[in-house]
2 protein chains.
Amino acid sequence: MTALHERIRRDIESRILGGELAPGDRLPIEHDLMAEYGCSRMTVNKAISALAAAGLVNRKRKAGTFVAAPKAHAMVLDIPDLAHEVQERGQVYRYRLLHREICNAGKVDSSLEIEGDVLWTVGVHIADGKPFAHESRAVSLTAVPEIDDAVFDPDSPGTWLLKHVPWTEAETAISATAVSDREAHALGVADNTACLSLVRRTWRSGEHITAVRQLFIGDSYTLVARFGASA
Amino acid sequence: MTALHERIRRDIESRILGGELAPGDRLPIEHDLMAEYGCSRMTVNKAISALAAAGLVNRKRKAGTFVAAPKAHAMVLDIPDLAHEVQERGQVYRYRLLHREICNAGKVDSSLEIEGDVLWTVGVHIADGKPFAHESRAVSLTAVPEIDDAVFDPDSPGTWLLKHVPWTEAETAISATAVSDREAHALGVADNTACLSLVRRTWRSGEHITAVRQLFIGDSYTLVARFGASA
DNA sequence: GCCGGATTATTGTATAGACAATATACGCAT
DNA sequence: ATGCGTATATTGTCTATACAATAATCCGGC
């Protein structure tokens, strides 16, 4: 017993995805769909507005509704909380703090691109006693002054922030790099091992909160992005 | 002159993001919001339904509307068309085919996880004469028989597929790896250079169309995922 | 106390109609 | 043809109302 507006939406959606309606094609106007499905205009409007919100069609007053160009490029990347993910695999998670210092942003890793006074932490994420990720993080003291009182023993700074500080924008840059000797030592791997590098920076309504660089050992860690089947 | 339902939506959204309404909190019922904003129930409903569609709140009949748990960190990953991106930087793009063969999936790179008879291609993506990515791709011949007639001279197999075959689901796995000697040679880099590896598989309503593994040299290539500021 | 049915609060869906906003198309004057 | 104002088609928003679906709650019977 799916709702009518839902059936209309799916109907048109499948016509688009199946190629019956190609990008640029014009959809029937609301009045005609209204007749086709024998319902009121509000119902048709709800269905097509949903498609528009999903970016599948573009609507323009007086002109009509058109199938959008294949968007294709925007996939959903699931960025997990490390502690949570490790525990879900039945392993024991631990964070070990290697360094903690209050300093000016200029002193920390330049790839973090943060400014002002920060709390700088360096540590490793450990699963079942084995380090699997190296983390260097800077937290803005102007944005989050109370972090100075935080203790990072059971929780990593990331988990602490997740619990205490909401954010509104985030950006993650993903690249590959060879570990430096210091990082290799902390992770217990050979120098120059290939690592996946994530640099994530988060803001709260424009104010920079934190920047973090995480290094994951070689191919033992994989990020997955999906489009479509949201399983 | 923003629409009223939009103003209501943003109003409540900011109350949630600003922490005024914490996860688990109950929103006023539609009837009360209707009085608060002096509008009809349909308008309130449209605003809150949008929030529900975005996953910010959960709604339950009889129970009410509740602020959802902090979002599973789903960010939008922008996966670009290589040819397009290179040209946008003002460089000359070229694809060079190194190998082309029709064979059984078992013969190609096992990381692609595809089955049946496939067209297997290996090549490099070149910007301004310099190779920057290595690509190994398998295209299912049962799903796309016409690919056998395609010529990959101006376009890479990926661009050809993008133009000719629509898809409905895709999955991209991202990891870091050290290049093998053969790949290193094709890219003109030293053995064991750290590379970003993308393995993307796409389906059309359940049928596997293609799988591709792209290797990008070291830190000269970065993927970016964003949440919030959709700039 | 516990179970099962009735009550009821809340969201979900749909209708018919009205007016607003906007971009296209048309027609007219130059 | 060119430019300009007007008509018009199409979507955007909103209202007031109605009934359906769902699930928490209450209440009676045992």
Side-chain angles (χ1 to χ4, degrees), chain A residues 1-17 20-71 230, chain B residues 1-17 20-71 230:
Chain A
M1 255 315 172
T2 55
L4 180 54
H5 68 86
E6 183 68 14
R7 270 196 16 236
I8 299 177
R9 208 213 69 211
R10 280 217 284 264
D11 191 359
I12 297 178
E13 186 181 76
S14 72
R15 275 194 245 171
I16 293 174
L17 292 177
E20 187 179 336
L21 286 166
D25 282 4
R26 183 179 168 169
L27 265 64
I29 65 172
E30 292 189 351
H31 182 83
D32 291 351
L33 290 172
M34 190 175 147
E36 180 178 343
Y37 290 97
C39 64
S40 78
R41 208 191 121 211
M42 279 297 297
T43 305
V44 168
N45 184 282
K46 191 166 186 173
I48 305 201
S49 295
L51 290 177
L56 260 166
V57 300
N58 299 316
R59 315 197 74 188
K60 266 180 24 189
R61 282 170 164 139
K62 161 76 185 180
T65 304
F66 302 86
V67 178
K71 35 182 280 171
S230 52
Chain B
M1 255 317 168
T2 55
L4 180 54
H5 67 85
E6 184 67 15
R7 271 194 18 234
I8 299 177
R9 209 214 67 210
R10 279 220 284 266
D11 191 0
I12 297 178
E13 186 181 74
S14 73
R15 276 194 244 171
I16 293 174
L17 292 177
E20 189 180 334
L21 286 167
D25 281 5
R26 182 176 169 173
L27 265 61
I29 65 171
E30 292 189 351
H31 183 270
D32 290 351
L33 289 171
M34 188 174 147
E36 180 178 342
Y37 290 97
C39 63
S40 80
R41 207 191 120 211
M42 279 297 296
T43 305
V44 167
N45 185 282
K46 190 165 187 174
I48 306 201
S49 295
L51 290 176
L56 260 166
V57 301
N58 299 316
R59 316 197 75 189
K60 263 173 42 182
R61 280 168 165 143
K62 163 73 186 179
T65 303
F66 302 87
V67 178
K71 334 199 46 161
S230 51

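Computed from heavy atoms alone, side chains included, the values below leave out hydrogens, waters and symmetry copies. Proteins get letters first, then strands, A, B, ... in listed order; numbering begins at 1 in each.
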Walking DNA chain C from its 5' end, the first of A:R41 and B:A63 to be reached, judged by nearest nucleotide, is B:A63

B:M42 atom CE is separated from D:dT15 atom P, nearest whole Å, by 10 Å

Gap between atoms NE2 and P, on A:H5 and D:dA21 respectively (whole Å): 14 Å

Starting at CE of B:M34 and ending at C1' of C:dT10, how long is that distance when rounded to a whole Å? 13 Å

Do the side chains of B:R7 and B:D11 get close enough for a salt bridge, i.e. N-O under 4.0 angstrom? no

Verify the contact: side-chain N or O of B:K62 to OP1 or OP2 of C:dT8, cut-off strictly under 4.0 Å; return yes or no. no

Over how many whole Å does the gap from B:K60 atom NZ to D:dT25 atom C1' extend? 14 Å

For D:dG12, does OP1 or OP2 lie under 4.0 Å from any side-chain N or O of A:R59? yes

Using the side-chain contact (heavy atoms from CB on, under 4.5 Å) rule, take B:L33 and B:E36 through it: C-alpha gap first, then chi angles, then the decisive distance, then the call. CA-CA 5 Å; B:L33 289 171; B:E36 180 178 342; 3.7 Å; yes

Under 4.0 Å, counting only non-hydrogen atoms across every strand here, what does B:R26 touch: a base, just sugar-phosphate, or nothing? sugar-phosphate

Figure out the NE2/C1' separation between A:H31 and C:dG17, and round it to whole Å. 14 Å

Among D:dC14, D:dT10, C:dA16, which nucleotide has an atom closest to any side-chain atom of A:I29? D:dT10

May I have the distance from A:E6 (atom CD) to D:dA21 (atom P), rounded to whole angstrom? 16 Å

Heavy atoms only: give me the nearest A:M34-A:H31 pair and the separation to one decimal. CB-O, 3.1 Å

Checking C:dA14, D:dC14, C:dA21 against the side chain of A:R61 (C-beta onward), the nearest is C:dA21

Stepwise side-chain contact (heavy atoms from CB on, under 4.5 Å) test for B:V57 and B:I12: CA-CA 10 Å; B:V57 301; B:I12 297 178; 5.6 Å; no

Taking NZ, NE, NH1 and NH2 as the nitrogens, is one of them in A:R10 or A:E13 under 4.0 Å from a carboxylate oxygen of the other? no

Just how far, in rounded Å, is C1' of C:dG12 from CZ of A:R7? 16 Å

Please determine if a side-chain N or O atom of A:T65 lies less than 4.0 Å away from the OP1 or OP2 oxygen of D:dT11. yes

Output yes when at least one side-chain N/O atom of B:T43 is less than 4.0 Å from OP1 or OP2 of D:dT15, else no. yes

Taking CD from B:E30 and P from C:dT11, how many angstroms apart are they, rounded to a whole number? 5 Å

Quick one: label B:L4 by what it contacts on the DNA or RNA (base, sugar-phosphate, nothing), any heavy atom closer than 4.0 Å. sugar-phosphate

